[in-house]
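As C-alpha cells, the structure follows; a few thoughts come after it.
Counting convention: from 1, in listed order, for ligands and their atoms alike. Source: prediction; values computed, not measured. For reference, positions follow the sequence shown, starting with 1.
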Amino acid sequence: MEVTNRVIGYRRENADPPYLHPDYVATRTRSPKQPLVPLAHTLSEVTGPVYGDRPVGELDHDLTRQHEGEPVGERIILHGRVLDGDGRPVSNTLIEIWQANAAGRYRHARELHPAPLDANFDGGGRCLTDGEGRYRFITIKPGAYPWGNHPNAWRAAHIHISLFGPAFVTRLVTQMYFPGDPLFFQDPIFHSVRDPRDRERMIARFDLGETVPEWALAYEFDVVLRGREATPVET
Ligand SMILES: [Fe+2]
C-alpha cells in the first residue's frame, strides 16, 4: 500500500450565516473587511481534540440538580442525536450548553437585564453522546431577554450549544430555538441564517413521545456536523 502525506479534508459547504449581517449590529464591526483566503486542512485540524480539563460529571447533564434546591421555571427534557454529514452517529462526543434562566437572565458578570437571578440555576451543562450519538439534558426553559440591538429588541428564547465532534474542523457553536416562538420575526441573529429551511434546522421539535407525564415536556434537537445538512453556526 502506498503511504502518502495527503490529508483528507472535511467538506466546506454549509449554511452558516455571512460574517456581515448588518441587521445584527455587532457584525458591522467584527466582520472581516477582506475576502477570506481558503487554506487546505492540516493534520492537526482533521484529528483530535477533545474534552476539557475535567471529566464529565454524573450530574453535568442535569441543570436542575446542581444546587441544594430546584430552579424556578418550566422543567424540560432536551434530547437528540449528533450526526456527521453522512448521517452517521457521532458517539462519545462532548456536547455543552449554556442558557439564561426562566426569567431571561444569565449568570454573567456583564449581564444587564434587570431580571432576577436564580440561586439554584447556573445555566451551564454538558454530557457525552452514547454509542448511537444520543444526548439528553434536563433543564429549565429559558426566558426571552432584551439585548439592545435595535429599539425594543428581544431575543427569541434559545439555548446555546457547543460541540467539538471528532476534529477541530467539525467544531460547531450554535443556538437552538423553540417551536412557535413569537419573537422569531424580529430576531436578526436567527435571520442571519438566510435560507428558511436552514433556520428550521435550528428549531427543536416538541416531542410528546419523550415527554414524561406529570413531570416535564420534551424537545428533540438533532445536530449535524459538517456537510450539506450541517446545523448552521450561530454565535
Ligand atoms: Fe443567548
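Closest non-hydrogen pair, M202 versus P232, comes out as CG-CD, 3.9 Å.
Ring orientation note: the planes of Y106 and H158 are tilted relative to one another, at an angle of 30° to 60°.
Around the Fe ion (ligand 1), protein atoms of type N, O or S found under 2.8 Å number 4.
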Could you go through residues 132-139 and list every donor-acceptor pair under 3.5 Å that involves a side-chain atom there, pairing it with any protein atom two or more places apart or in another chain?
residue: E132; atom: OE1; partner: R134; partner atom: NE; Å: 3.2
residue: Y135; atom: OH; partner: F221; partner atom: O; Å: 2.6
residue: T139; atom: OG1; partner: Q99; partner atom: OE1; Å: 2.7

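No side-chain heavy atom of D181 sits less than 4.5 Å from a side-chain heavy atom of F190.
Of the possible donor and acceptor atoms, none in the side chain of N120 sits under 3.5 Å from a partner among the backbone N and O of H67.
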Do R155 and Y177 pass the side-chain contact (heavy atoms from CB on, under 4.5 Å) test, and can you show the C-alpha distance, the side-chain angles, and the key distance before you say yes or no?
-> CA-CA 10 Å; R155 292 297 323 281; Y177 297 88; 2.8 Å; yes
